[in-house]
Structures are given as C-alpha cells and as structure tokens.
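Below is one structure, written out as structure tokens; the observations come after it.
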Amino acid sequence: MEVRTRFAPSPTGFMHLGGLRTALYNYLYAKKMGGKFILRIEDTDQERFVEGATEVVYNTLRDCGMVWDEGPDVGGDYGPYVQSDRKDIYLPYARQLVEKGAAYYCFCTKEELDERRAAAEARGEVFKYDKHCLNLTKEEVQAKLDAGLPYVIRLNAPTSGETTYDDVVFGHLSFPNDTLDDMVLIKADGMPTYNFANVIDDHLMGITHVMRGMEYLSSTPKYNLLYEAFGWEIPQYVHLTTVMRDAQHKLSKRDGDAYYSDFIEKGYLKEALINYLALVGWNPGDDREFFTMDELVQAFDIKRLNNAPGIFDMDKLTWFNAEYIRKMPFDEYLKMVTPWFEQVLSGKNLDYRRLAELMQSRTEVFNRVPDMVKFLAEMPEYDIGLYNNKKMKTNPEVAVESLRMVKPVLEGIEDWSENVIHDTVMAAIAESGKKNGAVLWPLRIAISGLNSTPGGAFEIAYLLGKDETLRRLDVSYEKLCNNA
RNA sequence: GGCCCCGUGGUCAAGAGGCCUAAGACAUCGCCCGUUCACGGCGGUAACUCGGGUUCGAAUCCCGACGGGGUCACCA
C-alpha cells in the first residue's frame with residue numbers, strides 16, 4: 001500500500017523548528033517509501049487566525065525543498081486541504097457516532113464545567129467529565145435539541161479496561177481507560193475540535209502514517225476509540241520527541257531562536273539548518289553527518305528515530321553552518337556576504353572580492369561578518385598593549401623601531417598590489433635583519449587596531465589602500481611615540 | 001497530584017547479553033602549520049543516574065528509587 005504522510009500545521013505566522021523537523025521527517029519518509037506527502041492546514045480556531053500565516057508555511061517548506069504532493073494550493077484527490085473549508089463534513093460523522101452509542105450530546109455549559117473542575121481541583125482530585133448528560137433519555141435530548149439549547153458532542157469513553165497501541169518510536173504502549181476523558185468532538189459553535197477533525201481528515205485523506213509530536217502520546221488512545229467506533233483502520237503512529245533548548249525547556253519563541261525565520265535572518269543557511277535538524281532525534285546508523293535533501297531521503301529510516309528528547313545545540317548548528325559556507329562556491333559566497341559588508345563598509349570602495357576570499361573560511365554565521373570587517377571603515381581605538389606579543393618578540397619599543405623602518409618602504413611602493421607590498425616589505429625586513437614577526441605584527445596592529453583580523457598585514461594594507469594605510473601608520477606611530 | 005514517556009561524556013549520538021579496558025561528531029584543552037586570526041593536521045580531558053535482581057557474563061533483560069519531560073480545555 002502506498003505510504004501517505006501529512007504535515008498539518010496550524011498557521012500561526014511562524015514556522016517553529018520543532019514543526020519544521022516534523023514536516024521534514026514526514027517528507028523524508030514519504031519520499032523514501034515512494035509515497036505521498038500531504039500538506040493540510042488546520043485552522044479550526046478562528047480566533048487565532050493570522051493574516052498571511054499560511055504563506056509562511058508554504059514559503060518555508062518550499063524554501064527548504066519539501067514539496068508536497070497534495071495540499072491547499074496544489075490540490076489533490078482528497079481536498080479541500082484547509083480545515084475551515086471542510087467544516088461541514090464533521091458533524092455528520094459525529095452524529096453517526098451518537099447513533100452507534102459511541103458519542104452523546106452534552107448540554108452542560110462551560111460555566112458549569114469550570115465550576116465543577118474548580119471544585120474537583122480544590123479537593124485535590126483530577127477532574128473528569130462525569131457523563132452527566134449520558135443519562136439523558138432520547139426524549140430529553142430531543143426536547144433540548146428542539147428547544148435550541150447549545151450543545152456539544154462528546155466521546156463516550158469506556159471506564160474500565162485498557163487501551164493499547166504500538167508506536168513505531170516508542171513501542172508497545174498501554175493506558176488505563178479510567179483515565180480517559182469524554183473529550184468534546186463537536187464544539188458548541190458547531191466546529192469540530194482539533195482532535196476530532198484530525199481523525200476524520202486523516203482517515204478521509206488516506207493517511208497511513210501519522211508522524212507528530214509526542215505531546216499526543218497520551219491522547220492517542222482516544223483517537224483509537226474513534227477509529228474503532230467508525231470501524232476504520234488505525235494508522236501507524238510515529239511520535240516524535242521534543243526538540244529542547246535545554247534539559248528543562250523546549251525551544252521557545254521567548255528565546256528568539258525557535259523560528260525558522262529567526263535563523264535565516266541571522267545568516268544561517270537553510271541547508272545547514274535542515275541538515276542539523278534532521279540529526280536531532282535521528283541518525284543514519286553510520287558516521288555520515290552531511291546530507292543534501294536527496295541524501296536524507298535515501299538514508300532516512302523510520303526505525304532509527306530516537307525516543308529520547310534532544311537538545312538543540314546552537315554550537316553544532318553553527319559548526320554545520322560554517323562548514324556549508326566553506327564548501328560554498330566562491331561566487332555564491334560573495335553574493336551572499338556582500339549585503340553584510342555593505343552594512344558597515346558602504347561607500348568605502350573596498351575590494352569586496354578579495355575581502356570575501358579572506359572571509360569565507362572565517363564566516364560561521366553571516367551576522368557576525370559586520371563586526372569582523374568594520375575596522376576597515378574606521379580605525380578602532382586600541383591600547384598599545386596590543387603591541388606586546390612574546391611569540392612575535394615584540395613590544396611597544398620594538399614596534400616603534402619597526403614602524404619607523406617600514407614606513408618609508410611602504411611610501412616607496414608605486415604599484416599597490418598585494419604581491420608587491422608583500423615582496424617589497426619582506427625584502428626590506430630581510431635587509432634590516434629583523435624578525436618577520438617583529439615587523440609584521442606591529443604593522444598589522446598599527447593599521448587595524450585589532451588583536452586578530454581576517455588576513456595579515458599585507459592583505460589589510462592592500463584592502464585599505466595606500467593613502468589610508470599610511471595615514472593609519474602615522475597616527476599609530478604618533479600614539480606609540482607619545483606612550484612608549 | 002493521576003496517567004504516560006524518557007535516562008550513555010557539557011551536547012548530538014553508536015551500542016539491541018560477551019566484539020565495550022564504550023565508536024564518531026560538536027564544544028573544550030594542548031601541540032604543529034614560525035605574519036595574527038580562521039582553515040587544516042595531530043593529540044588530550046570527559047559518559048553507561050543510583051540500588052537491587054536474572055545470568056557464567058549487563059550500558060544492553062526485570063524491579064524499585066531518583067531525575068527530566070509530556071498530558072490531564074468547547075486550544076491546536
């Protein structure tokens with residue numbers, strides 16, 4: 001039988017990384033098995049409707065290369081794929097359940113329920129609906145219905161025995177029935193609850209594997225009761241562990257690092273993000289770590305899904321990102337990094353190409369680039385203590401000598417190219433009998449004001465240009481003479 | 001609190017009774033690459049939550065404790 005998986009987000013306007021990973025696994029499994037990946041939008045909560053939120057879902061998924069075979073915008077044989085467009089199909093199914101005695105009308109108001117719930121909690125008990133309305137006779141129910149009283153339809157859950165099912169990730173699970181609540185299927189406004197709509201839709205859409213977050217682990221028995229009451233085949237369940245920020249907390253929006261868009265804005269590559277995300281909770285069984293989407297499809301095995309929650313390690317993601325950046329074709333890197341250069345270097349007329357060559361192996365995340373290159377636009381304030389470096393055998397006194405020696409050499413260079421600067425200065429150093437480091441370290445500090453820079457003295461001098469290099473050299477020389 | 005799930009280094013993880021004096025990766029530390037930093041190379045530190053069983057033998061099976069998470073809505 002053809003495998004059919006689905007990703008069913010409720011559009012909130014943002015794509016949470018946990019959700020993205022759920023989508024990813026659904027996609028990978030469907031493709032691996034030669035099946036179909038379906039996108040369904042679950043928007044039964046009209047109060048939470050957000051303008052443009054579905055587009056965020058579409059764009060993110062497409063951006064990452066997870067193309068769905070059926071969905072709201074591409075259609076399919078099992079539509080419509082937006083739950084609000086399907087609102088009329090649920091009630092008849094609920095009524096069918098009432099006929100079978102698997103569900104019943106309930107006229108208890110929300111206020112009454114809240115009251116009873118509060119009372120139960122005050123007594124330290126767990127509140128459970130007491131099946132009050134199940135005792136109503138057919139006539140009483142009809143009378144209330146005729147009177148136009150608001151009602152909900154509830155599942156009639158068994159109170160004894162136990163419900164069991166097998167989960168692909170967690171194995172054999174069993175739950176005592178007396179902990180099951182008579183959950184609401186149809187709300188007073190006539191709309192189905194999420195849980196109910198889910199079951200109906202999954203069945204109607206022929207979903208064979210339900211892959212979702214493990215927060216549904218303990219409500220799954222109730223889903224199964226529904227399938228059984230209808231006489232429908234129960235799908236394979238694949239509950240996915242939570243992606244955590246640390247041992248105690250999930251990734252949350254409060255930390256500003258839970259959404260796909262957060263990462264893209266910071267300068268993470270979607271390929272790196274997907275690659276890393278796939279590995280939180282799953283592994284290929286060997287030492288491979290780098291995967292394209294196609295390679296993930298090939299390697300994906302539902303049996304290798306982990307059953308312990310995984311902590312999202314920002315450091316590892318950053319490492320992946322840096323690796324992807326290094327392996328990126330240079331021209332692509334240049335194109336991507338340019339806007340980040342522009343933030344602090346616009347109007348400076350620098351050789352971005354050369355700068356990019358120097359920066360590519362040093363870029364971990366693009367938003368760190370501006371801070372690394374802004375010294376090229378403006379000489380930072382620095383302490384002359386920077387001239388101290390024992391390995392280079394230099395200190396402020398040595399630096400004064402070195403700068404004095406190198407300044408006229410630099411001034412004499414006509415062709416300000418990196419090679420010429422390099423060869424000329426190296427020759428002068430050799431002639432002077434000084435150590436390379438004793439000249440080059442002070443020179444780099446003098447024109448950059450930084451302890452570490454992308455590239456050494458020659459590269460920086462070249463990028464700065466002759467005038468600016470000499471200008472900075474003079475300023476630093478003065479500074480040194482006044483303080484040393 | 002009831003019910004459910006989970007428990008290998010700081011993190012992701014391999015491991016499905018002897019191959020474990022427990023892989024690999026990130027992070028961290030050290031050395032090398034004598035113009036910094038980065039890249040790269042080499043090496044180090046670091047783990048089976050605890051206690052009982054079962055077994056000739058347990059990280060692997062069972063029980064308990066402890067720890068963490070989830071769930072108990074007319075939200076999704």
Side-chain angles (χ1 to χ4, degrees), chain A residues 8-10 12 42-45 47-48 83 106 108-110 113-114 117 121 124-128 150-154 167 169-171 173-176 178-181 183-189 191-195 197-198 213-221 239 241-242 244 246-250 276 279-283 285-289 306-320 322 326 358-364 372 386 389 391-392 422 425-426 429 435-445 448 450-460:
Chain A
S10 57
T12 60
E42 310 229 336
D43 58 350
T44 44
D45 187 4
E47 288 173 24
R48 280 217 294 222
Q83 234 163 33
C106 172
C108 296
T109 66
K110 202 169 181 178
L113 257 21
D114 286 346
R117 195 188 324 276
E121 274 165 21
E125 293 169 11
V126 180
F127 177 76
K128 213 183 117 185
Y151 67 89
V152 301
I153 296 180
R154 285 180 182 276
D167 185 277
V169 176
F170 291 96
L173 266 16
S174 83
F175 300 79
D178 60 9
T179 62
L180 268 30
D181 201 11
M183 68 170 175
V184 171
L185 270 21
I186 298 291
K187 299 186 272 190
D189 63 4
M191 290 287 269
T193 56
Y194 168 84
N195 296 296
N198 229 270
M214 68 172 287
E215 59 267 27
Y216 299 100
L217 217 49
S218 42
S219 49
T220 300
H239 284 102
T241 55
T242 314
M244 308 290 282
D246 56 46
Q248 281 74 331
H249 311 274
K250 306 193 223 191
Y276 176 61
L279 263 14
V280 181
W282 173 82
N283 75 82
D286 54 40
D287 283 345
R288 281 181 299 164
E289 289 204 290
N306 243 92
N307 62 4
I311 295 173
F312 189 86
D313 185 351
M314 203 68 80
D315 285 337
K316 183 112 189 193
L317 198 223
T318 299
W319 175 77
F320 265 108
R326 280 175 213 126
L358 295 168
M359 285 296 293
Q360 187 164 7
S361 71
R362 284 166 246 250
T363 305
E364 293 186 302
M372 294 170 75
L386 282 187
N389 186 304
K391 194 177 163 207
M392 296 302 130
H422 175 274
V425 172
M426 288 307 265
I429 292 173
K435 292 281 187 191
N436 290 345
V439 176
L440 267 12
W441 175 274
L443 175 56
R444 193 180 57 81
I445 299 296
S448 73
L450 256 26
N451 203 0
S452 70
T453 50
F458 303 127
E459 288 86 352
I460 291 164

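Below, chains carry the letters A, B, ... as their sequence lines are ordered, and counting in each starts from 1.
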Next on the checklist: Measuring only the P atom in each nucleotide, how far is B:rG15 from B:rC61? A whole number of Å is fine.
Outcome noted: 13 Å
Checklist entry - At what distance, to the nearest 0.5 angstrom, does CG of A:Leu279 lie from CZ of A:Arg288? => result 10.5 Å
Checklist entry - Using 30° and 60° as the class limits, which term best fits the ring planes of A:His422 and A:Phe458: parallel, tilted or perpendicular? => result perpendicular
What N/O pairs connect the protein and nucleotides 5-12 of chain B at under 3.5 Å? Give each pair on its own line.
unit_1, atom_1, unit_2, atom_2, d
B:rC12, OP1, A:Ile311, N, 3.3
B:rC12, O2', A:Leu279, O, 3.1

Next on the checklist: Please give the distance between the C1' atoms of B:rG53 and B:rA46 as a whole number of Å.
Outcome noted: 31 Å
Item to check | Atom C1', compared across B:rU45 and B:rU11: separation rounded to whole Å | outcome: 16 Å
Checklist entry - Can you tell if the side chain of A:Trp319 reaches within under 4.5 Å of the side chain of A:Tyr276, non-hydrogen atoms only? => result no
Checklist entry - When the C1' atoms of B:rA25 and B:rU71 are considered, how many whole Å apart are they? => result 34 Å
Checklist entry - Ignoring hydrogens and angles, are the base of B:rC39 and the side chain of A:Arg326 linked by a donor-acceptor pair under 3.5 Å? => result no
Checklist entry - Is any side-chain heavy atom of A:Thr453 closer than 4.5 Å to a side-chain heavy atom of A:Arg444? => result yes
Checklist entry - Mind checking whether A:Asp315 and A:Glu364 have side chains closer than 4.5 Å, heavy atoms only? => result no
Checklist outcome for this item: Per atom distances to the A:Thr179 side chain, the nearest of B:rG2, B:rC4, B:rA76 is B:rG2
Next on the checklist: Between B:rG57 and B:rG18, how far apart are the two C1' atoms, rounded to whole Å?
Outcome noted: 6 Å
Checklist entry - Using the C1' atom in both, what is the distance from B:rU36 to B:rA23, to the nearest Å? => result 36 Å
Item to check | Verdict with supporting geometry, A:Phe127 and A:Asp181, side-chain contact (heavy atoms from CB on, under 4.5 Å) | outcome: CA-CA 9 Å; A:Phe127 177 76; A:Asp181 201 11; 5.5 Å; no
Next on the checklist: As a test of reading the structure: which of B:rU35, B:rC74, B:rA14 is closest to the side chain of A:Arg117, going by heavy atoms?
Outcome noted: B:rC74
Checklist entry - Rounding to the closest angstrom, what is the interatomic distance between B:rA22 and B:rA16 at atom P? => result 16 Å
Next on the checklist: Can you see if the side chain of A:Lys187 gets near the phosphate of B:rA76 - specifically, an N or O under 4.0 Å from OP1 or OP2?
Outcome noted: yes
Contacts under 3.5 Å, N or O only, protein and nucleotides 60-65 of chain B:
none

Next on the checklist: By nearest heavy atom, map A:Arg362 and A:Asp286 onto RNA chain B; which one lands nearer the 5' end?
Outcome noted: A:Asp286
Next on the checklist: Should the side chain of A:Arg444 and the base of B:rU36 be counted as holding a donor-acceptor pair, with the cut-off at 3.5 Å?
Outcome noted: yes
Item to check | Pairing of A:Lys316 and A:Glu289 as salt bridge, 4.0 angstrom limit | outcome: yes
Checklist entry - Counting side-chain heavy atoms from C-beta on, which of B:rC74, B:rU36, B:rG70 comes nearest to A:Glu215? => result B:rG70
Item to check | B:rG52 and B:rG41, which share atom name C1', separated by this distance in whole Å | outcome: 49 Å
Checklist entry - Which nucleotide in the list B:rU36, B:rA14, B:rC74 gets nearest to the side chain of A:Val152? => result B:rC74
Item to check | Inter-residue atom distance A:Leu358.CG - A:Ile460.CD1, 0.5 Å rounding | outcome: 8.5 Å
Next on the checklist: Starting the side chain at C-beta, find the nucleotide from B:rA13, B:rA76, B:rC3 nearest to A:Asn283.
Outcome noted: B:rA13
Item to check | Counterpart residues, side-chain contact (heavy atoms from CB on, under 4.5 Å), relative to A:Pro454 (two or more places apart) | outcome: A:Met359, A:Arg362, A:Phe375
Next on the checklist: One pair to check against side-chain contact (heavy atoms from CB on, under 4.5 Å): A:Lys128 and A:Thr179. What are the steps and the verdict?
Outcome noted: CA-CA 8 Å; A:Lys128 213 183 117 185; A:Thr179 62; over 6 Å; no
Item to check | Position toward the 5' end of RNA chain B (nearest nucleotide), A:Phe458 or A:Val126 | outcome: A:Val126
Checklist entry - Which of these nucleotides, B:rG69, B:rU36, B:rA76, is closest to any side-chain atom of A:Met392? => result B:rU36
Checklist entry - If we call it a pair only when both distances are under 3.5 Å in a Watson-Crick or G-U wobble match, what pairs with B:rG2? => result B:rU71
Next on the checklist: Looking only at the side chain of A:Lys110 (C-beta and beyond, no hydrogens), which of the listed nucleotides B:rA38, B:rC75, B:rA76 gets closest?
Outcome noted: B:rC75
